[in-house]
There are 2 protein chains.
Amino acid sequence: MSHAAPDARGLLGPPPSVAFIVSRLGFEVSQALADGIEPLGIDPQHFGLLRALLVMEGQSQKAVGTSLGIPPNRMVALVDDLESRGAVKRTKHPDDRRAYALSLTPKGRKLFERALEVVISVETRLCGSISKDDRSRLLELLSRLTSFSGAPDGVHPGLTSQP
Amino acid sequence: MSHAAPDARGLLGPPPSVAFIVSRLGFEVSQALADGIEPLGIDPQHFGLLRALLVMEGQSQKAVGTSLGIPPNRMVALVDDLESRGAVKRTKHPDDRRAYALSLTPKGRKLFERALEVVISVETRLCGSISKDDRSRLLELLSRLTSFSGAPDGVHPGLTSQP
DNA sequence: TATTGTTATACTCTATAACTATA
DNA sequence: TATAGTTATAGAGTATAACAATA
């Protein structure tokens with residue numbers, strides 16, 4: 001049935017809340033983002049790692065992992081994936097022979113840029129129904145909302161797991 | 001190290017996008033909501049079911065499930081949980097002896113109201129840093145964003161799974 | 001003795017598909 | 001034969017904990 005519960009909408013239930021809308025919209029956007037980069041052969045976690053490596057060039061797996069909130073065992077698989085497709089490189093760490101120094105290859109940078117284009121296309125689709133000014137206003141309002149996690153600015157806690 | 005990557009914030013990376021902020025904030029809010037109702041002994045899926053039953057009193061598991069996008073096998077566990085704690089009731093469906101008619105008990109309504117209080121408290125915390133007028137503006141802007149899923153108005157696709 | 005990266009095991013969640021009783 | 005509800009099995013994803021090499 002395409003209209004199983006025609007009365008289930010908007011009548012009862014909670015009054016419209018920012019929390020519910022953001023929660024729902026956030027899920028949909030995450031899904032769209034994941035679907036969009038999937039053809040590139042990566043998932044959101046890979047994207048987050050590429051993004052971090054852009055500014056953490058040469059740091060160890062451990063350092064990058066803790067900064068992203070990703071535990072060691074998962075870092076292994078993540079870096080394995082990206083290394084096997086030539087996007088990142090493990091080289092010996094100059095100061096600590098136990099550790100690897102992670103770095104992006106040119107191929108990795110291109111991969112990140114293609115993923116960024118996906119983000120932009122999702123943004124365009126998402127905000128296509130409001131004016132440029134309204135988008136700015138929205139951005140400004142959203143940035144003033146109290147963040148729940150203490151995660152640093154560019155980090156998406158959904159891409160980690162740590163409590 | 002508590003400041004492993006002090007430069008990873010805001011310098012490089014994508015320009016601020018509604019998509020990224022909404023995705024991140026949505027995750028945090030969902031987490032806060034889940035954490036908030038956990039002491040009540042339910043999770044977001046249970047909450048969604050209670051919310052649906054408020055307006056689908058007497059309908060079958062199948063009907064409620066399809067309206068929420070929840071497959072039959074999971075409906076069983078969900079309804080089992082809520083029934084065992086006396087929040088919903090399975091009675092024989094008058095028209096179809098294969099089916100059950102689901103209904104909320106008074107205890108179920110109280111449970112839903114307590115969960116609603118949690119939603120309100122999260123809303124208050126989330127929007128505590130902006131004025132009442134700004135919150136209205138924000139709500140209005142958010143509601144004008146293009147939704148990705150075709151899900152009906154009150155349905156949160158993160159609480160289902162159906163593609 | 002502590003730490004980096006790694007591997008192995010266990011657990012949770014979900015999807016798939018069989019099964020029963022009715023229609 | 002098709003459908004409502006149920007149950008069983010298997011798969012993906014994750015966390016826990018043990019491991020080897022180095023500090």
Side-chain angles (χ1 to χ4, degrees), chain A residues 1 4-5 27 30-31 34-35 38 42-49 52-53 56 58-84 88-103 156-163, chain B residues 1-2 4 27 30-31 34 38 42-46 48-49 52-53 56 58-84 88-103 156-163:
Chain A
M1 271 86 231
F27 180 87
S30 302
Q31 195 66 45
D35 290 348
E38 197 247 54
I42 58 174
D43 67 25
Q45 292 199 330
H46 296 117
F47 177 74
L49 179 49
L53 284 181
M56 293 189 73
Q59 304 232 25
S60 70
Q61 270 186 218
K62 174 71 176 182
V64 177
T66 51
S67 135
L68 288 174
I70 298 175
N73 53 343
R74 275 206 280 162
M75 280 297 290
V76 173
L78 241 39
V79 175
D80 279 355
D81 292 343
L82 292 177
E83 191 181 37
S84 76
V88 313
K89 213 174 30 179
R90 280 192 249 235
T91 53
K92 296 188 189 306
H93 193 104
D95 305 340
D96 187 338
R97 286 192 301 184
R98 292 171 303 183
Y100 289 123
L102 298 182
S103 57
H156 188 152
L159 269 33
T160 77
S161 42
Q162 227 109 117
Chain B
M1 271 90 233
S2 68
F27 180 86
S30 302
Q31 195 65 47
E38 198 248 55
I42 59 175
D43 67 24
Q45 293 199 327
H46 297 116
L49 179 51
L53 284 181
M56 295 189 72
Q59 305 232 26
S60 71
Q61 271 186 215
K62 173 74 176 179
V64 176
T66 50
S67 135
L68 288 174
I70 296 176
N73 52 346
R74 275 207 277 161
M75 282 297 291
V76 173
L78 240 42
V79 175
D80 278 356
D81 291 344
L82 291 177
E83 192 181 36
S84 75
V88 313
K89 212 174 32 182
R90 278 193 250 236
T91 52
K92 296 188 188 304
H93 193 106
D95 305 341
D96 187 338
R97 283 192 303 182
R98 294 171 301 181
Y100 290 123
L102 298 182
S103 57
H156 187 152
L159 271 31
T160 77
S161 42
Q162 226 107 121

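So you know, we letter chains A, B, ... as the sequences are listed, proteins then strands, and number each from 1.
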Student: Are B:Met75 and B:Leu49 packed together at the side-chain level, in the sense that at least one heavy-atom pair is separated by less than 4.5 angstrom?
Tutor: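 Yes - at least one pair of side-chain heavy atoms lies under 4.5 Å apart.
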
Student: Report the distance from atom NZ of B:Lys92 to atom P of C:dA23, rounded to the nearest whole Å.
Tutor: 11 Å

Student: Check side chain to side chain contact (heavy atoms under 4.5 Å, CB included) between B:Asp96 and all other residues, then give those that pass, not counting sequence neighbours.
Tutor: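 Counting only residues at least two positions away or on another chain, B:Asp96 forms a side chain to side chain contact (heavy atoms under 4.5 Å, CB included) with B:His93, B:Arg98, B:Ala99.
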
Student: Say you draw a straight line from CG of B:Leu53 to OG of B:Ser103; how long is it, rounded to the nearest 0.5 Å?
Tutor: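 Interatomic distance, B:Leu53 CG to B:Ser103 OG, rounded to 0.5 Å: 8.0 Å.
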
Student: Check B:Arg90 with B:Glu83, please: is the shortest side-chain N to carboxylate O separation under 4.0 Å?
Tutor: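 Salt bridge: yes.
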
Student: When the distance from NE2 of B:His93 to P of C:dA23 is rounded to whole Å, what number comes out?
Tutor: 11 Å

Student: Atom CZ of B:Arg74 and atom C1' of D:dA8: how far apart are they, to the nearest Å?
Tutor: 17 Å

Student: Can a side chain N or O of B:Arg97 be found less than 4.0 Å away from OP1 or OP2 on D:dA4?
Tutor: no

Student: Kindly compute the distance separating CG (B:Leu78) from CD1 (B:Ile42), expressed to the nearest 0.5 Å.
Tutor: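 Reported value, rounded in 0.5 Å steps: 10.0 Å.
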
Student: Start with the C-alpha distance between A:Leu102 and A:Met56, add both sets of side-chain angles, then the distance that settles side-chain contact (heavy atoms from CB on, under 4.5 Å), and finish with yes or no.
Tutor: CA-CA 8 Å; A:Leu102 298 182; A:Met56 293 189 73; over 6 Å; no

Student: Which atoms of nucleotides 5-10 of chain C (N or O only) lie under 3.5 Å from a protein N or O atom, and what are those distances?
Tutor:
unit_1: C:dG5; atom_1: OP1; unit_2: A:Gln61; atom_2: N; d: 3.1
unit_1: C:dG5; atom_1: OP1; unit_2: A:Tyr100; atom_2: N; d: 3.1
unit_1: C:dG5; atom_1: OP2; unit_2: A:Lys62; atom_2: N; d: 2.5
unit_1: C:dT6; atom_1: OP1; unit_2: A:Arg90; atom_2: NH1; d: 3.4
unit_1: C:dT6; atom_1: OP2; unit_2: A:Gln61; atom_2: OE1; d: 3.0
unit_1: C:dT6; atom_1: OP2; unit_2: A:Gln61; atom_2: NE2; d: 3.3
unit_1: C:dT6; atom_1: OP2; unit_2: A:Arg90; atom_2: NH1; d: 2.8

